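One structure below.
Whatever order the structure lists ligands and atoms in, that order sets their numbers, starting from 1. Small disclaimer: the values here were computed from a predicted structure and weren't measured.
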Amino acid sequence: MKALDKANLDKFVELLSEEFNVYSITDTDFSTDFDNNKALEILKPIKSAKEIVFPQTEPLFKFDLVGKEIVVNEKQNSTNLMLWIKPCDVRGINILKKVFEKDVKDVYFANKLNNTIFVGLACNNPSRNCFCTSVSITPYYKEGMDVFATSVNGAIIFEALTEKGKEVLEKVNSLLRDATKDEVEKAKEIHLQAENKVRRYNFNTSRLTWDSDVWRISEICLSCGICTYLCPTCHCFDIIDENYVYEGERIRIWDSCMYSEYTLQASGHNPRAYRLQRLRNRIMHKFVWFKEMFDEYACTGCGRCVSYCPVNISLIEILGGV
Ligand code: SF4
Ligand code: SF4
């Protein structure tokens, strides 16, 4: 394993920026404009990392009208490098991958994923609403990362997990040294300490039945959609064409199953007109139907929907977490 002394962090990012669009975590999201030292201290941004591979507003392609012909202009993607992405957010992208690669591969998602390198960072200090260990991951889950890092006192310990990851570490090799045995041991200790800090719940998904009383909590829901926008696994979208005189573009934008218009049909009929129906759909999709389809929950335990729901509707409570 390799180690970077934190005193060299600025140079590390500078070197990486010569080759990649380097994004790092901020308090709110992932950005190319970040504070190097602070980034290591942030547990996770308010917004999840899904935006890198599935942007909130994504121009899919532009088109021009040339005479009577429509000419499509495809975009070229450059390589993004995501620094310090957290285990639950990588898990979210792994879940999205299952959806976007099922049956027909979504080329826009696949291109972005192929053009992104993930340098993940273990969580040292999980928050009150984190519950990743209740949905089968840990604060040191690595699947889907190219490089896995742990912050250990004055250094960051790196483990390359893929060929892309090896190339990234090669690029900054001049700044790295071999990690000491003590540092490697300390990293393992930090992982286990963090895992023990995460609250573990015994969820009871059998209570998620169609006519369960648990859905009555929807009486206070504002249908604001925050829970779906912040969720790393929610993936509903709409597609619109913006047309000008001789040009236009096709745009994909996030949608939310918590909005009443989401299921409104042209006839005026709406199969999920009520908040109860929408909340039930969101939770049953994540914990019942997704599990039936993919044998896992569409939830990473990031706790964002619990932390940021303006009326404190708690997924943990709905699932009977004790
Ligand atoms: S964040 Fe809370 S209030 Fe807003 S739609 Fe979700 S459950 Fe309802
Ligand atoms: S805790 Fe909430 S926001 Fe986070 S993955 Fe699960 S459902 Fe989505």
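Atoms of ligand 2 lying under 4.0 Å from at least one heavy atom of T300, given by number and element, are 5 (S), 6 (Fe). Numbered from 1 in the order shown, with element, the atoms of ligand 1 that lie under 4.0 Å from a heavy atom of V311 read 3 (S). The atoms of ligand 1 that sit less than 4.0 Å from any heavy atom of P310 are 1 (S). Residue K286 has at least one heavy-atom neighbour below 4.0 Å for each of these atoms of ligand 2: 7 (S). For ligand 2, the atoms lying closer than 4.0 Å to a non-hydrogen atom of G303 are 1 (S), 4 (Fe).
At the top of the distance list for atom 8 (Fe) of ligand 2, counting protein heavy atoms only, stands C231 SG, 2.4 Å. At the top of the distance list for atom 6 (Fe) of ligand 2, counting protein heavy atoms only, stands C299 SG, 2.4 Å.
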Taking it one step at a time, do K186 and E183 satisfy salt bridge (charged side-chain N to carboxylate O under 4.0 Å, His left out)?
CA-CA 5 Å; K186 184 70 186 164; E183 285 171 332; over 6 Å; no
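Take K188 and apply the salt bridge (Lys or Arg N to Asp or Glu O under 4.0 Å) test, not counting sequence neighbours, and it matches E185.
Distances under 2.8 Å from atom 6 (Fe) of ligand 1 pick out the protein N/O/S atoms C227 SG.
Residue contact annotation: L230 has no non-hydrogen atom under 4.0 Å from ligand 2. Using 4.0 Å as the threshold, F131 has a heavy atom nearer than that to some atom of ligand 2.
Between A122 and T150, the shortest heavy-atom distance links the atoms CB-OG1, 4.0 Å. Here the closest non-hydrogen pair linking S314 and V306 is OG-CG1, 4.0 Å.
Under a 3.5 Å cut-off, the side chain of K86 and the backbone N or O of L43 do form a donor-acceptor pair. The main-chain N or O of S212 is never found under 3.5 Å from a side-chain atom of R207 such that the two would form a donor-acceptor pair. Under the 3.5 Å distance criterion, the side-chain polar atoms of S48 are left unmatched by any main-chain donor or acceptor of D89.
Taking the six-membered ring for Trp and the full ring otherwise, Y297 and F287 have centroids separated by under 6.0 Å. For Y108 and F100, the ring centers are positioned 6.0 Å apart or more. Taking the six-membered ring where the residue is Trp, the centroids of Y141 and H191 are separated by 6.0 Å or more.
Taking backbone and side-chain atoms together, C302 has an N/O/S atom less than 2.8 Å away from atom 4 (Fe) of ligand 2.
Of the options F237, Y308, W254, F54, a ring-ring contact (aromatic ring centres under 6.0 Å, His included) to Y229 is made by W254 and by none of the others.
Counting heavy atoms under 4.0 Å from ligand 2, residue L315 touches it through the side chain alone.
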